[in-house]
K.L.:
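Below you will find the structure I want to go over with you.
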There are 2 protein chains.
Amino acid sequence: MRKIPESTIRRLSLYLRFLEEFEGQGVGTVSSEALAARGGTTSAQVRKDLSFFGSFGKRGLGYGVHELARRLREILGLGRRYRVVLIGAGKIGSALVQYKGFRQRGFDIVAIYDSDPAKVGVAWNGMITRDVQQLAEDLPGLQPEIAVVVTPADAAQDVTNRLVQAGVKAILNFAPIQLDVPDDVAVKTVNRALEL
Amino acid sequence: MRKIPESTIRRLSLYLRFLEEFEGQGVGTVSSEALAARGGTTSAQVRKDLSFFGSFGKRGLGYGVHELARRLREILGLGRRYRVVLIGAGKIGSALVQYKGFRQRGFDIVAIYDSDPAKVGVAWNGMITRDVQQLAEDLPGLQPEIAVVVTPADAAQDVTNRLVQAGVKAILNFAPIQLDVPDDVAVKTVNRALEL
DNA sequence: GTTTGTGAAACGATTCACAGCT
DNA sequence: AGCTGTGAATCGTTTCACAAAC
């Protein structure tokens, strides 16, 4: 029982959200069936997902809402805070700085960079946008766990190289391009597109 | 060779984007290998994806960039326009009305609804927000192919019921809830959340 | 009696590997 | 010689089904 499916992780955060709902409604215990109904999966799926990490339920009874929520937060690494640098102070970048959910989920933006002289020096949420040229120099002091790349596609790979060079091991990429990184660096590219 | 993987469809629109890039660069022909490199997959994957829909390449040569792009647009139903109604004139809703990419991709918003009296009557892009109570009455005249639900979670199911009742067969759901619909209605729930 | 936890079976997607066309 | 198209093999995920726990 080693490798955990990526899809399991995605569902785990869903479950957590539902548990928090149940918690708010004063529900003390849920069955895998109830969780599944809320999330549009099956009870077997819920149980298998959880079983990757241990056994948190009581047979014949279900799961303690509060306890399971706690365990999930633990598994998902919530409660822990992450230092993140943001590269790109354009539209998405500045939206992210102001987005409260980001901070709520444990992500603290500790610096913002841009290459456009018109954007450098502008303050967002009390943080002054710095020149991307200073990135290499600043990173050792910032010690960010995560970098968020929100540059145009043509700048993304260059920025990524600098980040990797400086030892960043996790990148969240909003640029519409496949970033080339060493195996020990995790990249998650998010697709800002709608399709049907 | 009947059922086409959902993931194949997702990749197809990626391929199309890359082909348009190549087209812009005056490239006349691509191999599956070249497309794969651009998109971070493998050549076998590209060929298998395309093979679900026919054989568009020339052995020993590759694919005609222009022709393949045309075929993909055809397969993906682009070029066709869709009439969409938007339910919810809140933050995301109003962003969507103004989002140009939506229209560019063939989606024409033909009406906007909200239940909040303060929002009803407000014009977005020259379109006046109407009261959601009028939905049932209006839909037969609007004949929308798609409805986009951007209401709060507690209103979403109710709105959905009305839409289904009126014969809408495709719903794009931004509310953080699992919508319950008959089998012949397609729902795509999009998750406005960031995780890592 | 109810509901979990989990091997085993079924299913679905990706990768391999090669025959066949250009 | 080069590259596609595709069955067959492989790999990963979901579903089944049931013994064990309460």
Side-chain angles (χ1 to χ4, degrees), chain A residues 1-16 18-19 22 27-72 75 178 183 189 191 195, chain B residues 1-16 18-19 22 27-72 75 178 183 189:
Chain A
M1 200 192 280
R2 266 288 54 80
K3 220 180 158 298
I4 286 120
E6 145 101 29
S7 43
T8 290
I9 305 286
R10 255 203 313 279
R11 281 190 300 266
L12 250 36
S13 34
L14 272 185
Y15 301 156
L16 178 55
F18 302 150
L19 286 168
F22 289 135
V27 178
T29 220
V30 272
S31 62
S32 55
E33 187 59 47
L35 257 183
R38 180 62 184 79
T41 8
T42 66
S43 58
Q45 180 79 77
V46 170
R47 292 199 303 277
K48 173 78 38 166
D49 283 343
L50 296 174
S51 81
F52 283 113
F53 300 95
S55 39
F56 311 126
K58 291 201 206 345
R59 293 168 191 231
L61 249 179
Y63 301 87
V65 168
H66 190 72
E67 199 214 331
L68 186 54
R70 191 173 52 73
R71 303 301 283 268
L72 286 185
I75 293 162
Q178 188 66 23
D183 285 350
T189 296
N191 219 322
E195 42 238 84
Chain B
M1 199 192 280
R2 267 286 56 78
K3 222 180 158 296
I4 287 120
E6 144 102 31
S7 44
T8 289
I9 304 286
R10 254 202 315 279
R11 281 190 301 267
L12 249 38
S13 37
L14 272 186
Y15 301 156
L16 178 56
F18 301 150
L19 286 168
F22 288 136
V27 177
T29 221
V30 270
S31 63
S32 54
E33 187 59 45
L35 256 184
R38 179 62 184 79
T41 8
T42 66
S43 58
Q45 181 79 77
V46 170
R47 293 199 302 278
K48 172 80 34 167
D49 283 342
L50 296 174
S51 79
F52 283 112
F53 301 95
S55 40
F56 311 125
K58 292 200 205 346
R59 291 169 193 230
L61 249 178
Y63 302 86
V65 169
H66 191 71
E67 199 216 332
L68 186 55
R70 192 173 52 71
R71 303 301 286 269
L72 287 185
I75 292 162
Q178 187 66 21
D183 286 350
T189 296

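In what follows, every heavy atom counts, from backbone to side chain, and hydrogens, waters and symmetry copies are set aside. All values derive from a computational prediction rather than experimental measurement. Residue numbers start from 1 in every chain, and the chains themselves are labelled A, B, ... in the order their sequence lines are given, proteins ahead of strands.
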K.L.:
Would you mind classifying the nucleic acid contact of B:Ser7 as base, sugar-phosphate or nothing, using non-hydrogen atoms under 4.0 angstrom?
P.N.:
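Since only primed, P, OP1 and OP2 atoms lie under 4.0 Å of B:Ser7, the category is sugar-phosphate.
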K.L.:
Between C:dA17 atom C1' and B:Arg47 atom CZ, what is the distance in whole Å?
P.N.:
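Rounded to whole Å, this separation is 10 Å.
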K.L.:
Rounded to whole Å, how long is the line connecting atom OH of B:Tyr63 with atom P of D:dC3?
P.N.:
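After rounding, the gap between these two atoms is 12 Å.
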K.L.:
Rounded to whole angstrom units, what separation is found between the NZ atom of B:Lys48 and the C1' atom of D:dC11?
P.N.:
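From B:Lys48 NZ to D:dC11 C1': 14 Å.
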K.L.:
Can you measure from OG1 (B:Thr8) to CG (B:Leu50) and round to the nearest 0.5 angstrom?
P.N.:
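That separation rounds to 9.0 Å.
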K.L.:
What closest approach, in Å, do A:Phe52 and A:Pro5 show between heavy atoms, and which atom pair accounts for it?
P.N.:
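For A:Phe52 versus A:Pro5, the nearest heavy atoms are CZ-CD, 3.7 Å.
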K.L.:
Taking only side-chain N and O atoms of A:Ser32, does any of them lie within less than 4.0 angstrom of OP1 or OP2 on C:dT3?
P.N.:
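So the side-chain polar atoms of A:Ser32 never come under 4.0 Å of the phosphate oxygens OP1 or OP2 of C:dT3.
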K.L.:
For the pair made of CG in B:Leu35 and P in D:dC3, what is the distance, rounded to whole Å?
P.N.:
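B:Leu35 atom CG is separated from D:dC3 atom P by 13 Å.
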K.L.:
How close do A:Gly39 and B:Gln178 get, counting heavy atoms only, and between which atoms?
P.N.:
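Heavy-atom minimum between the residues: O-OE1, 3.7 Å.
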K.L.:
Within this structure, what is the CZ-to-P distance between B:Phe53 and D:dT4, rounded to whole angstrom?
P.N.:
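Result: 18 Å.
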K.L.:
5'-most contact on DNA chain D: A:Lys58 or B:Asp49, nearest heavy atom basis?
P.N.:
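Checking each residue's closest nucleotide, the 5'-ward one belongs to B:Asp49.
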K.L.:
With a non-hydrogen cut-off below 4.0 angstrom, is A:Thr8 in contact with a base, only sugar-phosphate, or nothing?
P.N.:
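Result for A:Thr8 = nothing.
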K.L.:
Starting at the 5' end of DNA chain C, which residue's closest nucleotide do you reach first, A:Val30 or B:Glu6?
P.N.:
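Between the two, 5'-proximity favours A:Val30.
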K.L.:
Under 4.0 Å, counting only non-hydrogen atoms across every strand here, what does A:Thr42 touch: a base, just sugar-phosphate, or nothing?
P.N.:
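Sugar-phosphate contact only.
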K.L.:
Would you mind telling me which residue lines up with the more 5' stretch of DNA chain C, A:Gly60 or A:Gly57, judged by nearest nucleotide?
P.N.:
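This one resolves to A:Gly60.
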K.L.:
In this structure, how many angstroms lie between the P atom of D:dT14 and the CZ atom of A:Phe52, rounded?
P.N.:
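Roughly 8 Å, once rounded to whole Å.
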K.L.:
Is the shortest side-chain N/O distance from A:Gln45 to OP1 or OP2 of D:dT13 below 4.0 Å?
P.N.:
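Negative; the distance criterion is not met.
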K.L.:
Does a nitrogen or oxygen in the side chain of A:Arg11 sit under 4.0 Å from OP1 or OP2 of D:dT14?
P.N.:
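A:Arg11 to D:dT14 OP1/OP2: side-chain N or O found under 4.0 Å.
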K.L.:
Would you compute the distance between atom CD1 of B:Ile75 and atom CG of B:Leu68 and round it to the nearest 0.5 angstrom?
P.N.:
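The CD1 atom of B:Ile75 sits 7.5 Å away from the CG atom of B:Leu68.
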K.L.:
Is there a donor and acceptor pair closer than 3.5 Å between the side chain of B:Arg59 and the base of D:dT4?
P.N.:
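A donor-acceptor contact between them is present.
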K.L.:
Quickly work out the B:Ile9 CD1 to C:dG12 C1' distance and round it to whole Å.
P.N.:
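For the pair B:Ile9 CD1 and C:dG12 C1', the rounded distance is 15 Å.
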K.L.:
Mind listing the closest non-hydrogen atom pair of A:Leu16 and A:Leu72 along with its distance?
P.N.:
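Scanning both residues, the minimum pair turns out to be N-CD1, 3.8 Å.
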K.L.:
Rounded to the Å, how far apart are A:Leu68 CG and C:dT4 C1'?
P.N.:
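Taking CG of A:Leu68 and C1' of C:dT4, I get 12 Å after rounding.
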